[in-house]
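Reviewing the structure listed below.
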There are 2 protein chains.
Amino acid sequence: MEWQGCPVRYAAGIFGDKWSFVLLRDVLLHGKRYYGDFLASEEGISTNVLASRLADLEASGMLTRHQDPEKRSRVFYLPTRKARDLLPALLAMMVWSVDHDPDTKAPESFAPFVKQDMARAVRWYEAQIDKANAPLLDKL
Amino acid sequence: MEWQGCPVRYAAGIFGDKWSFVLLRDVLLHGKRYYGDFLASEEGISTNVLASRLADLEASGMLTRHQDPEKRSRVFYLPTRKARDLLPALLAMMVWSVDHDPDTKAPESFAPFVKQDMARAVRWYEAQIDKANAPLLDKL
DNA sequence: GTGAGTCGCTTTTGATTTGCAAGTGATTTT
DNA sequence: AAAATCACTTGCAAATCAAAAGCGACTCAC
């Protein structure tokens with residue numbers, strides 16, 4: 001299929017897929033970095049799909065793969081700038097979900113926080129990402 | 001799978017799928033309304049998938065289905081408020097794609113227009129949607 | 001009013017992708 | 001040295017997909 005040129009198709013090609021979407025959420029919002037962290041997500045991704053999606057996301061420049069130098073059998077993934085730049089879109093989507101899903105479990109404070117000042121919300125989540133990255137960056 | 005509670009999973013359940021994504025683009029941004037319009041999109045969706053996705057989007061409250069009263073063999077679909085509320089997220093995603101896809105074919109003016117004032121951009125696209133709806137709403 | 005389209009699906013038929021379970025091989029740990 | 005951990009791979013049945021043909025309800029030309 002031709003996924004070239006159109007911005008919506010480009011986005012769909014990279015995360016227009018349940019599992020890629022959930023992995024990006026985990027790495028951007030939940031501070032997950034290790035293969036095992038992703039595997040343990042409550043959605044229960046299977047190992048073959050996880051390996052395949054991580055490879056896809058690495059290939060499309062969303063994640064970088066690293067061996068843990070302290071324990072070389074472990075592997076972690078860091079979000080690139082390209083992935084981090086998804087935050088505004090991701091937060092906007094989440095606000096939409098909170099507004100339209102009667103069963104949402106997001107905290108009441110989330111939507112107002114983002115709606116009031118998106119730029120500030122993005123900065124806050126960027127800081128969280130830096131915090132999650134820090135101990136791993138020290139190792140490299 | 002349990003798609004309940006988490007806003008990202010909610011969004012993924014509704015448009016975390018290439019074809020739903022493309023259909024929402026067509027109805028929100030390209031003024032497509034008729035079954036035949038969607039079928040003719042350059043991506044070449046097959047009829048069984050199109051019928052299935054339209055039914056899904058209707059079931060999740062994104063589209064409403066209508067028979068054309070002037071020619072009852074034709075059918076059109078209108079975006080609901082819930083679908084229209086996706087505009088901010090959709091535009092944010094498109095800006096991200098334009099920023100990161102070296103082969104993007106979006107006009108140069110698009111990203112600055114949205115970045116400069118998102119609220120204004122949303123209003124502009126809402127007006128386009130109203131324009132596309134108008135002739136059909138007259139019929140009903 | 002009849003026959004030839006048009007339109008919006010549905011069905012059928014393979015091919016691809018998925019989820020699950022069971023490996024595998026490279027490290028650590030004991 | 002043996003056992004456990006970890007990040008995948010592999011094999012397979014089941015679900016999903018695309019492509020093509022079929023179908024019934026219209027609509028239009030004559």
Side-chain angles (χ1 to χ4, degrees), chain A residues 1-3 9 12-24 26-27 32-60 62-79 135-136 139-140, chain B residues 1-3 9 12-23 26-27 31-60 62-79 135-136 139-140:
Chain A
M1 199 172 311
E2 275 281 328
W3 290 115
R9 283 187 313 219
I14 289 182
F15 59 90
D17 162 88
K18 270 198 286 260
W19 291 120
S20 309
F21 212 11
V22 164
L23 292 180
L24 286 171
D26 284 348
V27 82
K32 296 192 180 176
R33 297 291 181 269
Y34 283 95
Y35 179 93
D37 295 340
F38 298 117
L39 197 60
S41 85
E42 72 176 296
E43 284 88 7
I45 190 170
S46 56
T47 56
N48 55 350
V49 175
L50 175 57
S52 154
R53 291 299 180 283
L54 286 172
D56 292 347
L57 289 172
E58 199 193 352
S60 54
M62 304 292 281
L63 302 176
T64 52
R65 201 189 106 108
H66 308 267
Q67 247 186 9
D68 190 323
E70 283 173 13
K71 194 174 172 187
R72 277 183 310 176
S73 66
R74 295 195 82 198
V75 170
F76 59 86
Y77 295 82
L78 295 178
L136 299 172
K139 293 185 177 181
L140 295 183
Chain B
M1 200 174 309
E2 275 280 330
W3 292 116
R9 283 187 313 220
I14 290 183
F15 58 92
D17 162 87
K18 270 198 287 258
W19 290 121
S20 310
F21 214 11
V22 164
L23 291 181
D26 283 349
V27 84
K32 297 193 181 176
R33 297 292 181 270
Y34 284 94
Y35 179 92
D37 295 341
F38 298 116
L39 196 60
S41 86
E42 72 175 296
E43 283 86 7
I45 190 169
S46 56
T47 56
N48 53 353
V49 176
L50 175 56
S52 154
R53 290 300 179 282
L54 287 172
D56 292 347
L57 289 172
E58 198 192 352
S60 53
M62 304 293 280
L63 302 176
T64 52
R65 201 189 105 109
H66 309 268
Q67 249 186 7
D68 190 324
E70 284 172 12
K71 194 175 172 185
R72 276 182 310 173
S73 65
R74 297 195 81 197
V75 171
F76 59 85
Y77 295 83
L78 296 177
L136 299 172
K139 292 184 177 181
L140 295 182

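The sequence lines fix the lettering, A, B, ..., with proteins before strands; numbering per chain opens at 1. Computed from a predicted model, the values in this text were never measured in an experiment.
The interatomic distance linking Tyr34(A) (OH) with dC6(D) (P) rounds to 11 Å, in whole Å. Going from atom CZ of Arg74(B) over to atom C1' of dG5(C) covers 15 Å, rounded to whole Å. Whole-Å rounding puts the Asp37(A) CG to dA7(D) C1' distance at 13 Å. Put simply, CG on Leu39(B) is 14 Å from C1' on dT10(C), counting in whole angstrom units. Between Ile45(A) atom CD1 and dC8(D) atom P there is a gap of 12 Å when expressed in whole angstrom units. Between Asp56(A) atom CG and dT18(C) atom C1' the separation is 14 Å, expressed in whole Å. The nearest whole Å value for the distance from the NZ atom in Lys18(B) to the P atom in dT16(C) is 14 Å. Whole-Å rounding puts the Phe38(B) CZ to dC9(C) C1' distance at 15 Å.
At a cut-off of 3.5 angstrom, the base of dT18(C) holds no donor-acceptor pair with the side chain of Ser46(A).
Dashed line: the shortest gap from a side-chain N or O of Lys71(B) to OP1 or OP2 of dC26(D) is not under 4.0 Å. Distances shown here put every side-chain N or O of Arg53(A) at or beyond 4.0 Å from the OP1 or OP2 atom of dT17(C). For dC8(D), one of the phosphate oxygens OP1 or OP2 lies less than 4.0 angstrom from a side-chain nitrogen or oxygen of Tyr77(A). Within the 4.0 Å cut-off from OP1 or OP2 of dC17(D), not a single side-chain nitrogen or oxygen of Trp19(B) is found. Using a 4.0 Å cut-off, some side-chain N or O of Arg65(B) falls inside it from OP1 or OP2 of dC9(C).
The minimum heavy-atom distance between Val22(A) and Glu43(A), with the atom names listed, is CG1-OE1, 3.8 Å.
For the pair Gly36(B) and Asn48(B), nearest-nucleotide mapping onto DNA chain C gives the more 5' position to Gly36(B). Sequence order on DNA chain C of the closest nucleotides to Asp17(A) and Val75(B) puts Val75(B) first from the 5' end.
Classification of Lys32(A) and Asp26(A) as a salt-bridged pair holds, one side-chain N sitting under 4.0 Å from a carboxylate O.
For the pair Arg33(A) (side chain) and Val27(A) (backbone), a donor-acceptor distance under 3.5 Å is present.
Residues meeting the side-chain contact (heavy atoms from CB on, under 4.5 Å) test with Arg74(A), sequence neighbours left out: Tyr34(A), Asp68(A), Lys71(A).
Under the 4.5 Å side-chain criterion, counting only non-hydrogen atoms from C-beta, Leu57(B) is not in contact with Trp19(B).
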